[in-house]
Structures are given as structure tokens and as C-alpha cells.
Amino acid sequence: MAENLNVARLLDDIADIYEMKEVRFKPRAYRRAAQTIRSLGEPVEDIRDRGELEGIPGIGRNIAAKIVEYLDTGRIEKHEELKKELPVDIDELTSIEGLGPKKVMKLYQELGIRSLEDLKEAAEEGRIAGIEGFGEKTEKTILENIEFAKNARDRFLLGYAIFESDRLISALGDHCSRLEVAGSLRRKRETVGDIDILAVSEDPGKVMELFVSMEQVQKVIARGKKKSSVRLDSGINVDLRLIEDESYGSALQYFTGSKQHNVHLRTIARKGGMKLSEYGLFKGDKLVAGRNEEEVYRGMGLDWIPPEMREDNGEIELAADGGLPDLVGIEDIRCDLQMHSTWSDGKDTLHDMASRCRELGYEYAVITDHVGEIRVANALDLNRIRKQKKEIARIEDELDFRIIQGVEANIRKDGSLDVEKELMEEAEIVLAAVHSAFRMDRKEMTERLVNAVSSGDLHILAHPLGRKIQERKPIDVDLDRVLEAASDAGTIMEVNAFPERLDLNGYNVKRALDAGVRLSIGTDAHMREHLGYIQLGVSTARRGWATADDIMNTRSEKELLRALGK
DNA sequence: GCCGTTTTCGGCCCGACTGTTTTCAGTCG
């Protein structure tokens with residue numbers, strides 16, 4: 001996916017240069033395109049190969065041609081031209097808080113500043129304060145922010161941010177009449193930059209005091225009556241905003257985003273002779289809606305849109321004619337379709353895992369220990385599978401709770417599984433995944449997975465792209481062909497709910513559903529606590545617009561086994 | 001440069017904050 005970021009960076013760079021040159025509207029167009037490319041869930045090369053670049057919202061004939069040019073030649077002629085006119089490292093300079101394209105332009109014209117190094121030098125020598133539009137204070141903050149930029153942290157995994165935000169919400173809850181997380185965390189993006197919390201309270205001073213003095217706060221970044229920001233020990237930043245009750249709904253809508261979703265909504269409001277902001281939906285000076293999100297959407301003639309869908313990918317059009325899908329919810333889930341026990345590489349016993357499933361309100365457990373030739377995972381052979389079957393029967397009796405015996409096998413380079421037929425027949429559910437040879441070329445990898453999902457040997461392809469967020473790139477594969485083969489063979493694709501995986505991701509969930517493929521959600525739990533990750537899997541499925549019917553975990557035990565042909 | 005039940009031309013989101021300005025531009029989210 002590296003090319004996506006490179007393409008996005010170039011487009012952003014073009015936007016910045018146009019903005020410096022005070023060209024109108026082009027900056028917005030390029031910036032929007034860059035943002036879209038950045039948030040794609042698949043390699044931009046794949047989309048180019050399908051000839052579908054033009055047609056992505058925000059990407060028209062010209063930008064599509066520039067992307068193709070970059071993928072073919074590694075450069076964009078127009079970009080080089082613009083760069084020659086303004087040989088400035090805009091990306092680096094605008095990453096400094098408080099510096100945008102206009103100021104960067106001024107600095108270049110007046111002082112010839114091209115890089116962060118130039119900037120630092122000029123600021124230290126006190127040459128910046130003298131420029132028109134700049135002053136002592138600007139110079140000082142530039143110096144401070146150069147230091148800060150060096151320490152800037154990356155984004156955080158959704159699973160981790162949820163853990164933190166849950167703690168904050170329960171700490172503040174008693175003093176607030178309304179309290180919720182907004183931002184990308186509410187939309188359940190796979191990573192989040194920071195945590196945004198909105199609150200309504202009778203005693204705002206007390207809530208702010210409580211917020212900045214919580215034990216996990218490492219540093220108070222800003223403190224005010226309506227908004228405060230802190231950094232937690234974990235490095236994640238949290239903003240708390242106190243909102244008036246009458247505009248809580250519109251504020252929640254506004255701060256939840258996404259930006260593109262909001263821009264689209266405001267365009268609709270405008271066309272209806274209204275105005276939408278964080279303070280409400282207005283007709284002239286009159287507040288039409290604001291207290292609740294539902295009213296705000298309704299005021300524009302739209303159904304309320306689940307946060308996970310708010311990416312301006314067609315959800316607004318569906319909401320306008322009552323066609324939003326009824327997304328799967330945590331309450332629809334009757335089981336977890338991947339977990340491990342001490343029989344292979346899990347940390348908790350089969351008994352503990354199963355009883356935790358029962359505590360969670362599941363109707364049955366599905367245990368999927370490793371089998372086959374994976375040595376490190378203490379994989380089971382046929383003999384141990386038979387022994388495990390006996391233990392399962394014993395625990396079922398003891399807990400009065402059904403346990404389905406599944407297995408997780410390894411997909412060899414040729415697409416076959418590394419276990420004998422006899423073992424696969426013992427198991428009630430066969431998951432299989434790529435656990436080795438991640439770096440095959442695209443053609444071979446595609447063949448490998450097409451063979452695997454077509455073989456009839458496996459029911460579920462687990463963590464299909466093998467990626468680990470911020471650690472390991474997805475395998476290089478033609479996912480459309482794999483989905484087509486899976487659809488033909490009735491093979492299920494997993495939405496792996498482990499925080500580092502979320503694989504398939506929301507974008508690919510939607511592609512899978514469009515291809516007619518059914519999905520399963522599995523936490524890949526290796527201890528009882530991991531079973532709670534199911535909510536991440538459900539959120540990811542929701543980001544891909546999945547309904548309960550699309551997800552196998554919503555089936556009863558009998559329905560599931562029948563669907564698998566058992 | 002993109003886009004379309006106000007469309008193939010003429011539009012293009014909103015408000016707060018900051019520092020610098022004496023009425024506002026630039027930046028940010």
C-alpha cells in the first residue's frame with residue numbers, strides 16, 4: 001500500500017504549491033483527491049489495473065491521468081514543473097503547526113527559506129519577526145513547534161484507543177448528563193490520531209478539573225472553560241469539549257466527521273436554504289435542529305446514518321431515499337468464529353475459553369486450535385485432535401454448553417492445506433490461512449488463494465490479507481479474483497477482529513459483499529480477555545456495510561453447520 | 001480540477017482562534 005501514500009503525498013504537494021500561488025479551487029480538488037487515495041483500503045495500482053481510477057469520488061480525468069503517470073514513470077511532470085518554480089519542501093514546512101502554504105510562500109520570498117533547517121536557522125537568528133504578517137510571538141512558536149514536530153507520535157490502534165476512551169468515559173460519566181466519544185474513534189477507523197470527547201454537564205468546571213487531573217494524564221496541553229487537551233501516559237492526546245445541551249447533537253455530528261461526509265452534508269443543507277454547523281441546523285437565524293443527531297439528519301431529509309458509514313461513500317444518497325442497510329450489531333452475534341486454547345498456542349484452557357463464551361451470552365463456542373505442520377504454534381495432529389474431541393465432550397457436559405470443534409490450518413504455497421483429509425473430516429469447521437511465504441509475487445499469490453478457496457477443503461479463509469497494522473504489509477494478491485472464486489465455491493471470508501489485524505478491513509468487507517461472499521468474525525483470541533475484541537470485528541463489518549444476514553456469527557449452531565454442509 | 005433531481009457551466013463548507021491587523025488573513029479542524 002506504499003504507493004497510495006506516495007501518490008497522496010504528491011497530490012498534496014501539488015495542492016500546496018497551487019495554494020502558495022493563490023490558484024483558486026485547484027488546491028481543494030487535489031487535496032480531496034489526496035485524502036481519498038490515502039484512505040483507500042487497497043493498492044491504487046489495483047484500481048488502475050481495473051481502469052477504475054476515474055470514478056473514485058474526487059478523482060476526474062486529469063488527476064487520474066497524473067496518478068497513472070506516476071505509477072508508470074515514478075514521477076508527475078506537472079509536479080516537477082511546479083516544484084521548479086517553487087523549490088520548497090512544503091510538506092516538511094507545513095507540518096509545523098501554525099505554518100500553512102501562504103506563510104511558507106512569504107518565508108520563501110522574503111528569506112529564501114526552503115527547508116526545516118533554513119527555518120530553524122532563521123528563527124534562531126530572529127530574522128522572522130521582522131516580516132510583514134509575522135511577529136515575535138510567531139517566531140517563538142515556530143521554534144517550539146519545530147521541536148514538537150520531531151517528537152510527533154504516530155496514530156494509535158483502534159482497539160487501544162477504545163480501551164483508553166472507555167476508561168475516560170467511566171471516570172467522567174457521573175458528572176455529565178451526556179457524554180460520548182466523537183471523531184474517527186466513533187467511526188471506528190482502524191487507527192486514530194487522538195480521542196475527541198464531548199460532554200454536557202451542569203458543573204463544567206468540575207468536569208474539566210476532573211479531566212485534567214486524572215491519573216493517566218501525563219501532561220496538560222491546554223486548559224480552558226469549553227475545551228481542554230491532555231496527553232496520556234500512553235502518548236495519545238485527548239480533547240474534552242463541553243457543549244450546550246441544545247447543540248449537542250449537531251456538535252456530535254460535526255466532530256464525528258468524516259470531513260468529507262460533513263462537507264457533503266453542508267452542501268445539502270445549503271441547497272435546501274439552510275446552514276449546518278457544529279451549533280445546529282439553521283434556516284436563516286432560526287435553529288431547526290441541534291439537540292439530537294437524528295433531528296439534524298432528519299432536518300435535511302435524511303435518515304440517521306451510523307457513524308461507521310460516514311465516509312461519503314454513497315451513504316448520504318442512501319439516507320436520502322430511506323435505503324440505508326440495517327447494519328449488523330453486537331447483539332446479533334451468537335458466537336465467535338476463531339479462538340485458540342492451551343491445546344495449541346493459547347494461554348487459557350479450553351474449559352476457560354468456553355465458559356467465557358457462555359458468560360458473554362453466546363449460544364455456543366467454536367474452538368479453532370492450530371493443526372498441521374506449524375511447529376511454533378504447538379499444532380495438533382490427528383491423534384491429538386481425537387483426544388481433544390473427547391475433552392470437548394466432557395466440558396460440554398460439565399458446562400451444559402455446546403462446543404464446536406474447528407481447526408486452523410496453514411495454506412501451502414500451492415494453495416493446498418498442510419493437513420491430511422482424515423483430520424479435516426474430524427473437524428466440524430476448517431479455517432485456513434497464510435502463515436508463511438507472505439512475499440510471493442502477485443500472480444503466484446493469487447493462484448495460491450484462488451486454489452485454496454476453490455478446493456472445498458476449507459470453510460473460512462482466515463485473516464485473508466495477512467497484514468498487521470503498522471507492522472506488516474498485506475500480501476500482494478488480486479483480491480477480486482479471490483473473492484470471485486470464494487463466491488463461486490461458497491467459501492467464507494473472515495473479518496479478523498484482533499486489533500493489529502482487522503483483516504478484512506471495512507473497505508474490503510464491502511468489496512466481498514458486493515462479490516456475493518459471506519463473512520465470519522473471529523477474534524483470534526489466545527486468552528479469555530481477547531474475546532472482547534469481537535466489538536472491533538463487528539465495527540469493521542459495519543464499516544463495510546454488512547447486515548446481520550451477511551455475517552455467519554448471527555446463525556444458530558444448527559444453521560451454521562447446515563450452511564457449512566456439515 | 002471536480003461535479004451535477006437547481007448541471008456540461010458555474011459553482012465550490014463552516015466557524016474559532018491567533019497574531020497581527022486597526023478591520024483581517026491565515027491556519028486549523
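Letters A, B, ... mirror the listed sequences (proteins, then strands); counts begin at 1. All values derive from a computational prediction rather than experimental measurement.
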**salt bridge (charged side-chain N to carboxylate O under 4.0 Å, His left out) partner of A:E19, chosen from A:R31, A:K26, A:R28, A:R24** = A:R31
**Prompt:** Do the side chains of A:L119 and A:I128 get nearer than 4.5 Å, heavy atoms only?
**Reply:** yes
**Message:** Please confirm whether the shortest side-chain N or O distance from A:K227 to OP1 or OP2 of B:dA16 is below 4.0 Å.
**Reply:** no
**Nearest-0.5 Å distance, OG of residue A:S201 to CG of residue A:D245** = 11.0 Å
**Prompt:** Within the structure shown, what part of the strands sits under 4.0 Å from A:P57 by heavy-atom distance: base, sugar-phosphate, or nothing?
**Reply:** sugar-phosphate
**Prompt:** For B:dT8, which nucleotide is its Watson-Crick or G-U wobble mate, given both distances must be under 3.5 Å?
**Reply:** none
**Complete:** Protein-proximity profile, nucleotides 17-29 of chain B, B/S/- by nucleotide at the 4.0 Å heavy-atom cutoff, equals --SS-----SSSB
**Prompt:** What are the two closest non-hydrogen atoms of A:P101 and A:T94, and how far apart are they?
**Reply:** N-CG2, 3.9 Å
Hey, what are the protein-to-nucleotides 8-12 of chain B N/O distances that come in under 3.5 Å?
{"unit_1": "B:dC12", "atom_1": "OP1", "unit_2": "A:R270", "atom_2": "NH1", "d": "2.7"}

**Request:** With P as the reference atom in both, quote the distance from B:dG19 to B:dC12 in angstrom, rounded to an integer.
**Result:** 32 Å
**Asked** Please give, in whole Å, the distance from B:dG15 C1' to A:K275 NZ?
**Response** 9 Å
**Prompt:** Mind checking what makes salt bridge (charged side-chain N to carboxylate O under 4.0 Å, His left out) contact with A:R189, not counting sequence neighbours?
**Reply:** none
